[in-house]
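Down below is the structure, laid out as structure tokens.
Positions are given from 1 along the sequence. First listed ligand is number 1; within each ligand, the first listed atom is number 1.
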Amino acid sequence: MNKYKIALIPGDGIGVDEISEGVKVIETAMKIDGGFKAEYTHLPWSCKYYKETGKMMPDDGLKILKDHDAIYMGAVGFPGVPDHVSLWGLLLPIRFEFDEYINLRPIKLLKGIKGPLRKNSEDIDFVVVRENTEGEYAGSGGRLYKGNPSEVAIQTSIFTRKGTERVMRYAFELARKRKKDLISVTKSNALNYSMVFWDDVFEEISKEYSDVKSKHMHVDAISGHFILHPEQIDVVVASNLFGDILTDLGAAIQGSIGMAAGGNINPEKKYPSMFEPIGGSAPDLAGKGIANPIGAIWAASMMLDFLGEKKSAKLIFDAIEAVTEEGKYLTPDIGGNSTTQEVGEAIRNSMKKMA
Ligand code: IPM
Ligand code: MN
């Protein structure tokens, strides 16, 4: 029996409803498979926790997490706590301290979903590999002369050779397993240090992967490409901020941010990796029971895949698509009138049927 220690951080708002559906799906997968067991540590770290304790997680939070095989996280952020406080108090330290340098985000139009582009599901099926530990998110800078007319704010991007090479190699390896086509997202026409460096490294690494077709596109140009020719895209590698922006665009062409999933991955498994729905905590939807659980359930599938439970991961993903294809149980964001719980249940039923 394979045992996995999973840290659960449902977080704030709709994150809580979504993660609870994801956990139920994992339970169902465990019963069907019979060969693995997930053991959870429930962690209440969130904005509510912050209001009670003054911290998003305890001082030894990372130490507690380190001892797990994976982290399954909802969304973080709630009115009353500034976003940069909640996110720099929980999500970003986990990404950085656990060296989760790959943020893997599949952009896939699920069967049965029309999406704003009205494409067929096979026409939107690509992956964004986002750098996740440095770049524009490095947190380097400062503010001087606060409130004065002479006030200055500096936010410096940091691109290291190590960080740039490893994310590109990961993307090339992934492209090799897919359609062997990789686009590097740049903006070297304007960012004459960081992105020219990024392009140089990409050129170098591409020589190791001559079997993969590769090119770069500026971030503005590829934004249009996402909309006009998504069928031409296979794998995309981008810096932290560019990848962040592009994957929200990706989520939109998938039909709903509520259906987008991602993994924050430390490929060497030296530290736990973290899996999450991409969408935010949506305070206005919290407690209404109408959040789309598919992003969280898909993230659970990615987590099981990463842990090595490939069969269960695929079963969950196939069950999600069976439900979207049938179109009977959908949440309001994609034109249905089912609740979060009903969609979760439909996915579990479809897993049992397919097993
Ligand atoms: C994401 C989110 C985060 C990010 C925020 C909440 C800090 O938008 O995971 O895409 O920018 O990385
Ligand atoms: Mn984002």
Checklist outcome for this item: In this structure, CD1 of Ile316 is separated from CD of Glu321 (nearest 0.5 Å) by 14.0 Å
Checklist entry - Is the closest side-chain donor-acceptor distance between Glu173 and Tyr209 under 3.5 Å? => result yes
Next on the checklist: For a distance under 2.8 Å, give residue and atom name for each protein N, O or S atom next to the Mn ion (ligand 2).
Outcome noted: Asp244 OD1
Next on the checklist: Through direct or indirect side-chain contacts below 4.5 angstrom among Ile, Leu, Val, Met, Phe, Trp and Tyr, which residues connect to Leu285?
Outcome noted: Ile14, Ile290
Next on the checklist: Using the rule given for side-chain hydrogen bond (donor to acceptor under 3.5 Å, both in side chains), can you reason through Tyr137 versus Asp244, listing the C-alpha separation, both sets of side-chain angles and the distance that settles it, and then say yes or no?
Outcome noted: CA-CA 10 Å; Tyr137 279 54; Asp244 174 49; 3.1 Å; yes
Next on the checklist: Working to the nearest 0.5 angstrom, can you tell me the gap between Asn132 CG and Ser239 OG?
Outcome noted: 11.0 Å
Checklist entry - Around ligand 1, what residues show up once you keep those with a heavy atom under 4.0 Å from it? => result Leu87, Arg95, Arg105, Arg130, Tyr137, Asp244
Item to check | Ser188 and Trp198: CA distance, side-chain angles, deciding distance, side-chain hydrogen bond (donor to acceptor under 3.5 Å, both in side chains) verdict | outcome: CA-CA 8 Å; Ser188 49; Trp198 175 273; over 6 Å; no
Item to check | Note, Ile294 side chain near Leu110 side chain (heavy atom, < 4.5 Å) | outcome: yes
Checklist outcome for this item: The side-chain hydrogen bond (donor to acceptor under 3.5 Å, both in side chains) partners of Asp318 (sequence neighbours excluded) come to Lys314
Checklist entry - Any salt bridge between Asp234 and Lys180, counting N to O under 4.0 Å? => result no
